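A quick write-up on the structure given underneath.
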Amino acid sequence: MKKYLVICSIFTSFLLLFSCKDDKLVEVVEVPLPTKEEKIIIGAPTDVKADPGSFEMTKLPFAYDALAPAIRTLTLETHYSKHYLSYTNNFNKEIVSTEFENMPIEDILKKMDLNNVKLRQNAGGYYNHTLYFNVLTPKEQTPKDTLAGSISKEFGSFNNLTNQFKGQAEKQFGSGWVWLVVDRYGKLQITTTENQDNPLMRNALIPGTPILGIDLWEHAYYLDYQNRKGSYIDAFYEHINWEKVNEYYIEALKKVKKV
């Protein structure tokens, strides 16, 4: 028995000595498994309320999942209830007790000092997102009535308008917007702006009244499409509310006294 213990001790000592000469050490880390499943709770557009102020958010007339899979539930919910809400609240705060507090948003955008960065970003963000959510619909549509005739006259066809609009959106570098506007002569034009600027502002390359706009900030599409911006542009185009765009078109023509 003693002989057996001696042999075991020698063998153990040999193993310890051998392992100490090994410079490579392996650390074993035990990672605990999650104790419960984490779930993202998606509410309803009617749950979203801006803080009291001069301007309110436009009501989204459909559920967050109504545009899926083109624009999925989480993307639309985040865009509407986080980004749009923030722009609305921040914009209202910026104009409290100023000359702009009771002024129409279009007049604010035309008159404000573009060096006022906070007002510029939030007024633009509010107006741009209001238009964006107003021109979305679950049902696929094509232009009709007055707008359809003007598109054919000024672009040659709806297909030409589509190709030009999508082409500008593809080429837009960084965060910004692509717009279909009615210019001062009552003509339809496609133009772009950076960040949260829009064609109503003094710095517009093509001044005009927007009747359609696509948000090209990554928050509008990255959860769904990552770097595949073109797929988002196609998806957006499938859900344009052309009836609403036509309404905006008629209103814009009245402003330039073309109807």
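Basis for what follows: all heavy atoms, side chains included, without hydrogens, waters or symmetry-related copies. This one's a predicted model, so the numbers in the text were calculated from it and none came from an experiment.
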Ion pair Lys244/Glu247, N-O distance below 4.0 Å: yes
Q) Is atom NZ of Lys82 surrounded by more than 12 heavy atoms (other residues, nucleotides or ligands) closer than 6.0 Å? A) yes
Going through the checks in order, is the side chain to side chain contact (heavy atoms under 4.5 Å, CB included) test met by Met112 and Met201?
CA-CA 8 Å; Met112 68 182 181; Met201 296 180 180; 3.5 Å; yes
All N/O donor-acceptor pairs, side-chain side in residues 136-145, below 3.5 Å, sequence neighbours left out:
residue	atom	partner	partner atom	Å
Thr137	OG1	Lys139	N	3.4
Gln141	OE1	Trp242	N	2.9
Gln141	OE1	Glu243	N	3.1

- request: For the pair Tyr225 and Tyr232, name the ring-plane relationship: parallel under 30°, tilted 30 to 60°, perpendicular over 60°.
  value: tilted
*asked:* Side chains of Glu154 and Ser150 only: does a donor on one sit below 3.5 Å from an acceptor on the other?
replied: no
Original post:
Any side-chain heavy-atom pair from Lys111 and Met103 closer than 4.5 angstrom?
Top reply: yes
Polar side-chain atom of Trp217 near backbone of Asn195 as donor-acceptor pair, under 3.5 Å: yes
Closest non-hydrogen atoms of Asn198 and Gly124, given as atom of the first, atom of the second and distance, are ND2-CA, 4.1 Å
Report the C-alpha distance between Phe91 and Tyr87 in whole Å, list the side-chain angles of each, state the deciding distance to 0.1 Å, and finish with yes or no for ring pair (Phe, Tyr, Trp, His ring centres under 6.0 Å).
CA-CA 6 Å; Phe91 173 44; Tyr87 281 119; over 10 Å; no
### Query
Has Glu56 got more than 12 heavy atoms of other residues, nucleotides or ligands less than 6.0 Å from its CD?
no
#### Entry: Steps toward side-chain hydrogen bond (donor to acceptor under 3.5 Å, both in side chains) verdict (Tyr237, Thr162)
CA-CA 8 Å; Tyr237 214 83; Thr162 299; 3.0 Å; yes
List, one per line, each side-chain donor-acceptor pair under 3.5 Å for residues 61-73, sequence neighbours excluded.
residue	atom	partner	partner atom	Å
Arg72	NE	Asp224	OD1	2.9
Arg72	NH2	Leu223	O	3.2

> Is it the case that Asp215 and His79 place a side-chain donor and acceptor less than 3.5 Å from each other?
Replying inline: yes
Correct closest heavy-atom pair for Lys229 and Gln172 would be NZ-O, 2.8 Å
What verdict does the ring pair (Phe, Tyr, Trp, His ring centres under 6.0 Å) test give for Phe236 and Tyr132, after you've listed the backbone C-alpha separation in whole Å, the side-chain angles of each residue and the deciding distance to 0.1 Å?
CA-CA 10 Å; Phe236 168 85; Tyr132 178 85; 5.7 Å; yes
| request: Could you tell me whether Arg228 atom CZ has more than 12 heavy atoms of other residues or ligands within 6.0 Å of it? | output: yes
CD of Glu194: more than 12 outside heavy atoms within 6.0 angstrom? no
- Output yes when a side-chain donor or acceptor of Tyr221 lies under 3.5 Å from a complementary backbone atom of Ser231, and no otherwise. no
